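Contents: one structure, followed by commentary.
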Amino acid sequence: MNKQSQLAQNERDYLSQHFGLCEYDGTRSVGSVSALDLLDMERCSDYLDRLTVILLSPSRMVTASQFFKRYAFLTTAPLLYAMTVYNKGLNLSARNCILGSSPGHSWLEHVSLADSDAAMPEASERHVWRNTVMQALFAENLGKLVAVMSRAANVPKPILWENVAVRIFSLYEKRIGLTGEQQEQSRARADFQYLIHQAPGALFGEKQNPLSRFYIEPTCSSVSNTPMRVRKTCCFYYEVTSDKEYCSNCPKL
């Protein structure tokens, strides 16, 4: 049995300030959309076309990649941070997420949760609880959206999944588990290893774990003496920047 819980106010504030996670107030701003709506092919295509104009993107494919980089951060970061650091599970299934922006912001700024209740695991059942939390995020949200956007924008699924993977790698390697008490560090190591090496494909809505193939040890390259993990796919970021700037870990460099 999972124990029902609530995020403390300082926890809510942290997830909002650092990861753009909000509680849904029942109102929709102009341009907001339910994540569930994006699982409909026609609505997803229309959304990408509107975003293509806003981003001055050359194609729906490039737009889908840029969108997924942002959406992956706004969903994986707060859920996994809460799961590992607070030991609290949030519901980030597609039916519980609303994408929106505040006035003055041109596109996706934050994700709001219609139901922001949290659940904590019994000590002996954390692995079962963790699977439930992850399945709602991946198989019931990101995995379905990868499949729809891949078809709607003719973008290869590995590009979208690597956009997810790099956000998760960065979260665990640069923010979670680096400080804090020993229990938090232990959970961080265990959760990260499970995510990238042990979690079955079914938790992501895929036949195989879609994150594992992108995890390699950082190395130095001909363009940088600082060890980094070079991407296997290009996210096409340079297509939407005025100076055609490549990401520092772009494989095209």
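The structure presented is a predicted model; accordingly, all values stated were derived computationally and were not measured.
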If you round to the nearest 0.5 Å, how far is CZ of Arg229 from OG of Ser170? 9.5 Å
Evaluation steps, side chain to side chain contact (heavy atoms under 4.5 Å, CB included), between Cys97 and Leu113: CA-CA 5 Å; Cys97 295; Leu113 299 184; 4.0 Å; yes
Show me the donor-acceptor pairs within less than 3.5 Å that the side chains of residues 200-208 make with the rest of the protein, sequence neighbours left out.
from, atom 1, to, atom 2, distance (Å)
Glu206, OE1, Lys157, NZ, 3.4
Glu206, OE2, Lys157, NZ, 3.1
Glu206, OE2, Trp161, NE1, 2.9

What's the spacing between His110 NE2 and Leu15 CG if we round to 0.5 Å? 15.0 Å
Given the rule in the side chain to side chain contact (heavy atoms under 4.5 Å, CB included) test, do Ile159 and Asn163 qualify, once you have shown the distances and angles that lead to the verdict? CA-CA 6 Å; Ile159 292 178; Asn163 288 348; 4.3 Å; yes
Side chains of Glu11 and Val85, heavy atoms from C-beta outward: is any pair under 4.5 Å? no
Distance-only, no hydrogens or angles: does the Ser186 side chain make a donor-acceptor pair with backbone N or O of Gln182 under 3.5 Å? no
Arg231 side chain to Asn249 main-chain N or O, any donor-acceptor pair under 3.5 Å? no
Would you say Trp129 and Glu125 make side-chain contact, with heavy atoms under 4.5 Å? no
Contacts of Glu245 that satisfy salt bridge (Lys or Arg N to Asp or Glu O under 4.0 Å) - sequence neighbours left out: none
Exactly one of Leu90, Leu79, Val164 clears side-chain contact (heavy atoms from CB on, under 4.5 Å) with Leu137, and that residue is Leu79
Going from CG on Asn209 to CG on Leu195, what distance comes out if it is rounded to the nearest 0.5 angstrom? 8.0 Å
Provide the closest heavy-atom pair for Thr63 versus Ser57 in the form atom of the first, atom of the second, distance. OG1-OG, 2.9 Å
Would you say the side chain of Glu239 lies within less than 4.5 Å of the side chain of Ser65, judging by non-hydrogen atoms? no
Which atom pair, heavy atoms only, marks the closest approach of Lys244 to Tyr238? CD-O, 3.3 Å
Quick check: do Asn87 and Arg126 have side-chain heavy atoms less than 4.5 Å from each other? yes
Verdict with supporting geometry, Lys69 and Tyr237, side chain to side chain donor-acceptor pair (under 3.5 Å): CA-CA 10 Å; Lys69 289 172 67 177; Tyr237 171 72; over 6 Å; no
Does Leu99 belong to the same Ile/Leu/Val/Met/Phe/Trp/Tyr cluster as Phe73, with side-chain heavy atoms less than 4.5 Å apart forming each link? yes
dist Lys88:NZ -> Tyr81:OH (nearest 0.5 Å) comes out at 12.5 Å
For the CG atom on Asn154, are there more than 12 heavy atoms of other groups (residues, nucleotides or ligands in this structure) within a distance under 6.0 Å? no
For the hydrophobic clusters of this structure (ILVMFWY residues joined by side-chain heavy atoms under 4.5 Å, transitively), does one cluster hold both Val166 and Tyr215? no
Begin from the C-alpha positions of Arg167 and Thr75 and carry the test side chain to side chain contact (heavy atoms under 4.5 Å, CB included) through to its verdict. CA-CA 10 Å; Arg167 296 298 181 267; Thr75 52; over 6 Å; no
Any side-chain heavy atom of Leu7 within less than 4.5 Å of one from Tyr14? no
Side-chain contact test, heavy atoms from C-beta onward, threshold under 4.5 Å: evaluate it for Ile196 versus Phe169 and give yes or no. yes
Heavy-atom closest contact (Arg12 atom, Ser116 atom, distance): NH1-OG, 3.5 Å
Go through Lys252 and Phe236 one step at a time and tell me if the side chain to side chain contact (heavy atoms under 4.5 Å, CB included) criterion holds. CA-CA 10 Å; Lys252 292 189 175 183; Phe236 301 109; 4.2 Å; yes
Atom pair CG (Leu55) and CZ (Arg50), whose distance is rounded to the nearest 0.5 Å: 12.5 Å
So which atom in Ala136 and which in Asn91 form the shortest heavy-atom distance, rounded to 0.1 Å? CB-OD1, 4.2 Å
Between Gln66 and Cys235, what is the shortest heavy-atom contact and its length? NE2-O, 2.7 Å
Would you compute the distance between atom CG of Leu211 and atom CZ of Arg213 and round it to the nearest 0.5 angstrom? 11.0 Å
Side chain to side chain, Asp191 and Ile176, heavy atoms closer than 4.5 Å: no
Look at atom CD of Glu42 and say whether more than 12 heavy atoms of other residues, nucleotides or ligands are closer to it than 6.0 Å. no
Show which side-chain atoms of residues 140-151 pair as donor or acceptor with protein atoms under 3.5 Å away, not counting sequence neighbours.
from, atom 1, to, atom 2, distance (Å)
Asn141, OD1, Tyr71, OH, 3.0
Asn141, ND2, Tyr71, OH, 3.1
Asn141, ND2, Leu92, O, 2.8
Ser150, OG, Val155, O, 2.8

For Val33 and Asp37, which heavy atoms make the closest approach, and how far apart are they? CG2-CB, 3.9 Å
Is there side-chain contact between Ile168 and Leu171, with heavy atoms separated by less than 4.5 Å? no
